[in-house]
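Here is the structure we will look at.
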There are 2 protein chains.
Amino acid sequence: MGAVNLKQIAQRAGVSLATASRVLSGSDYPVKDDLRERVLEVAAQLDYVPNASARVLLRGRSSIVGVLVGDVSDPFFSGMIGGIYEVADDADYMVNVVNTFREPGKELDTLRRLREQRVDILIVAGSGLDDAAFTAGMEKSLAAFVQGGNAAVLIGHHGISDDVHAARVHFDNREAAREVAEHLRELGHQRIALITGDPRLLSTRDRVLGFRDVFGDRVIPVETEPTRDGGYEAAGTILSTRPEVTAIASTADQMAFGTLVYLRERGILVPNEMSVTGFNDIDVAKDFVPSLTSAHVPLREMGRRAMELGLQGLEGDVDDIEVMPELAIRASTGPARK
Amino acid sequence: MGAVNLKQIAQRAGVSLATASRVLSGSDYPVKDDLRERVLEVAAQLDYVPNASARVLLRGRSSIVGVLVGDVSDPFFSGMIGGIYEVADDADYMVNVVNTFREPGKELDTLRRLREQRVDILIVAGSGLDDAAFTAGMEKSLAAFVQGGNAAVLIGHHGISDDVHAARVHFDNREAAREVAEHLRELGHQRIALITGDPRLLSTRDRVLGFRDVFGDRVIPVETEPTRDGGYEAAGTILSTRPEVTAIASTADQMAFGTLVYLRERGILVPNEMSVTGFNDIDVAKDFVPSLTSAHVPLREMGRRAMELGLQGLEGDVDDIEVMPELAIRASTGPARK
DNA sequence: ATGAAAGCGCTAACAT
DNA sequence: ATGTTAGCGCTTTCAT
């Protein structure tokens, strides 16, 4: 029981702990070849793997980046995570992703667990939340983390005070939403429905605001699960209660897919009878039928940049960057029906 | 610099290290209320978070499950990972996912890093590989890991000797492929192309075998990147070089999507002029146009079961389970054109 | 009820 | 060139 440790290697090889360590830790300290070989052989034979905990304890650095997301299997997050991995891998960092399962109450908890692991870098990708106690807890935790000599990166997470010395990857959700809305307005739409996920999420809020900037009261918000099925259901509600609507927007592509499927099943033509828009522009959006008009969010790039900022943060320079929305106009939107 | 530690808490609170530990580690050891409160207060004030490394070192258990996958952002893996998280979360386990980026050479490396972290449970989800040295390395590493009192779970990873005391989640790729092939044969197809990813992957191999069981030499394998773009490209190659083909199968849905898009752009009717099949049946497959006939692989369930097996493995009982393929017949397949 | 001290596995400073 | 030892942060005996 228990993994093989250095002491066992040293004993078997008939050398001191220090010698074994010097050989196996990649130190450039000189060790005679015959001893070195003996150590190496025993280590290989027993398949010795050093204990990272002990090393971390000693060094105070873990080479682990902790990532806080809502749900790893959501393409929105897994895109970002993919970007993080790319950079982390080159920098020899392990990536430790934790799920909050979109339960905001859990976020503080998981953040703490990541801190317990003594991650060097913390990337918070879950959206902010409109909740004072939560925000305060978050700020305190992040401040203490950074205070401890680590780097924190917030992705699209405003609501956290600038006093927290964290790098940020900004994405202007409101502006992106405005572009989508503007596109619909130009097509002559007057009354639109907007399917949203949890309205307490700041990203959702901002997206709603963007639509309101253009449509004011003429946007009808419908709250649902942020999934394909949620969008499917919401579309049904909208059609039966709001016949005046000529376009259905969503705050995430998955919901728009659900809406498109619903419309397809009902034989309602898109975009002739109804326009549909998504948000985030995940990979399949362009291949869906009809291809989905969506606010493109450069997820992979955001992940990459976040990780780069984290690495820089360790060196002491905390930076802010902004990635730009870009409206992807496709086949799911057209002139409002008469 | 450096995170706050117990010693600092103890000093500030004017108590001994032991007392501080007893209060903060949730021990049921009795501590007078006034001291307890003082410690708690100081800890809250400084936002103390215990060092997991130290704890792991002491306890020998990390409550971390390590997961080895090809690529986190691939829906195939992220589905499984989602399942793992569900169970891990309930068991208070952290999930540490590492990417091999589909570079088989990296697998041994990443496995080692996970072992360094002293994960209690190891779930290997990347496919096996037809490479003796690789397999031997894998076996040795896993054996040593289990020997150390941990639990290993292999998902669809045959090729690893039964001597390795690992739990397994089996999925019969060959049988699943056979079902797809059989379906095509029944529709009258005689000549089919099969788009595959890396043929060194055992899962790919098995799927190819399943098709060969039914079609023998009449299946034309085409190797490409296991992505949407890879499938798109491969479709082009097939159409220009193999006009006799009446159906294009793929060993993963993403490639089939690419194929469908290519055919759509060329105005080739599916399934009238060409049938298309996928594999894995990821979420969007049913909503694609045309909806994709695919071998359904219960990814989420496999993840859940794997994690359950891992937890059981810690208790010493190593089990094998098998999940069943189920052919999802949809609109992308039809009778062979004349 | 409290504190002192040993020790988890490892590295690095310090002898020899 | 090799070995001995202190100590990273914590929990848990073992005194008191």
Side-chain angles (χ1 to χ4, degrees), chain A residues 1-40 42-43 46-63 113 115-120 144 148-150, chain B residues 1-39 42-43 46-63 115-120 144 148-150:
Chain A
M1 275 306 238
V4 178
N5 61 23
L6 239 204
K7 199 169 155 194
Q8 296 172 38
I9 303 290
Q11 276 171 352
R12 285 236 199 185
V15 299
S16 74
L17 240 188
T19 301
S21 168
R22 294 201 256 257
V23 173
L24 295 171
S25 69
S27 152
D28 49 6
Y29 204 93
V31 173
K32 267 220 188 100
D33 283 353
D34 56 330
L35 290 193
R36 154 163 276 123
E37 293 214 1
R38 271 212 323 265
V39 172
L40 251 19
V42 174
L46 269 49
D47 205 10
Y48 167 75
V49 174
N51 187 323
S53 292
R55 237 178 211 170
V56 170
L57 210 49
L58 223 42
R59 291 213 220 277
R61 286 245 149 280
S62 62
S63 291
R113 292 203 68 174
R115 288 222 277 143
E116 288 180 357
Q117 304 295 323
R118 290 299 184 268
V119 298
D120 298 340
N150 305 295
Chain B
M1 273 311 237
V4 178
N5 62 22
L6 239 205
K7 199 169 155 195
Q8 295 171 37
I9 303 289
Q11 276 170 350
R12 284 237 199 185
V15 299
S16 73
L17 239 187
T19 302
S21 167
R22 296 201 256 257
V23 172
L24 295 170
S25 69
S27 151
D28 49 6
Y29 202 93
V31 173
K32 268 224 188 93
D33 283 355
D34 57 330
L35 289 194
R36 154 164 275 124
E37 294 214 2
R38 273 216 316 268
V39 172
V42 174
L46 269 49
D47 205 9
Y48 167 76
V49 175
N51 187 323
S53 292
R55 236 179 215 170
V56 170
L57 208 50
L58 224 41
R59 292 212 219 279
R61 286 244 149 283
S62 63
S63 292
R115 288 221 278 143
E116 289 180 357
Q117 304 294 324
R118 291 298 183 266
V119 298
D120 299 339
N150 305 295

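Chain naming here is simple, since letters A, B, ... match the order of the sequence lines and numbering starts at 1 in each.
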- In whole angstrom, give the distance that lies between atom CG of A:Leu24 and atom P of C:dA12. 13 Å

- Note on the structure: Among the nucleotides D:dT2, C:dT11, D:dC10, whichever has the atom closest to the side chain of A:Arg55 is C:dT11

- Item | Interatomic distance, B:Tyr29 atom OH to B:Thr19 atom OG1 [nearest 0.5 angstrom] | 9.0 Å

- Query: What is the distance from CD of A:Gln11 to P of D:dT2, rounded to the nearest Å?
  - Reply: 18 Å

- Closest of C:dC10, C:dT2, D:dA1 to the A:Asn5 side chain is C:dC10

- Message: In whole Å, I'd like the distance from the CG atom of A:Asn51 to the C1' atom of C:dG9.
- Response: 6 Å

- Nearest-nucleotide 5' precedence on DNA chain C, A:Pro50 against B:Ala18: B:Ala18

- Task: Classify the side chain of A:Arg22 versus the base of D:dG3 as yes if they form a donor-acceptor pair under 3.5 Å and no if they do not.
- Result: yes

- Query: Tell me: CG of A:Asp28 to C1' of C:dT11, nearest whole Å?
  - Reply: 13 Å

- Message: Measure CZ/A:Arg61 against C1'/D:dG9 and give the value in whole Å, please.
- Response: 16 Å

- Side chain of A:Leu35 (C-beta onward), nearest among C:dA4, D:dT2, D:dG9: D:dT2

- Item | From D:dC10, C:dT2, C:dA1, nucleotide with atom closest to B:Leu6 side chain | D:dC10

- Please round to the nearest 0.5 Å and tell me the distance separating atom CG of A:Leu58 and atom CG of A:Asn51. 11.5 Å

- Query: Considering all heavy atoms of both residues, which atom of B:Val56 and which atom of A:Ser53 are nearest to each other, and what is their separation?
  - Reply: CG1-OG, 3.4 Å

- Atom of A:Asp120, atom of A:Asn150 and distance for their closest heavy-atom approach: O-CB, 3.2 Å

- Message: Side chain of A:Lys32, heavy atoms from C-beta onward: which of D:dC10, C:dC10, D:dT2 has the nearest atom to it?
- Response: D:dT2

- Item | Whole-Å gap separating C1' (C:dC10) and CD (B:Gln117) | 15 Å

- Comparing B:Leu17 and A:Ser53 on DNA chain C - which has the more 5′ nearest nucleotide: B:Leu17

- Message: Rounded at 0.5 Å granularity, tell me how far OG in B:Ser62 sits from CD in A:Gln117.
- Response: 8.0 Å

- Item | Side chain of A:Leu57 (C-beta onward), nearest among C:dT11, C:dA4, D:dC8 | D:dC8

- Query: Which part of the nucleic acid, if any, lies within contact of B:Ser21, taking any heavy atom under 4.0 Å across all strands shown: a base, the sugar-phosphate backbone alone, or nothing?
  - Reply: base

- In whole Å, what is the span from the CZ atom of B:Arg118 to the C1' atom of C:dC10? 11 Å

- Query: Could you give the CZ-to-P distance, from B:Arg59 to C:dG7, as a whole number of Å?
  - Reply: 19 Å

- Do the side chain of A:Tyr29 and the base of C:dT11 come within less than 3.5 angstrom through a donor-acceptor pair of N or O atoms? no

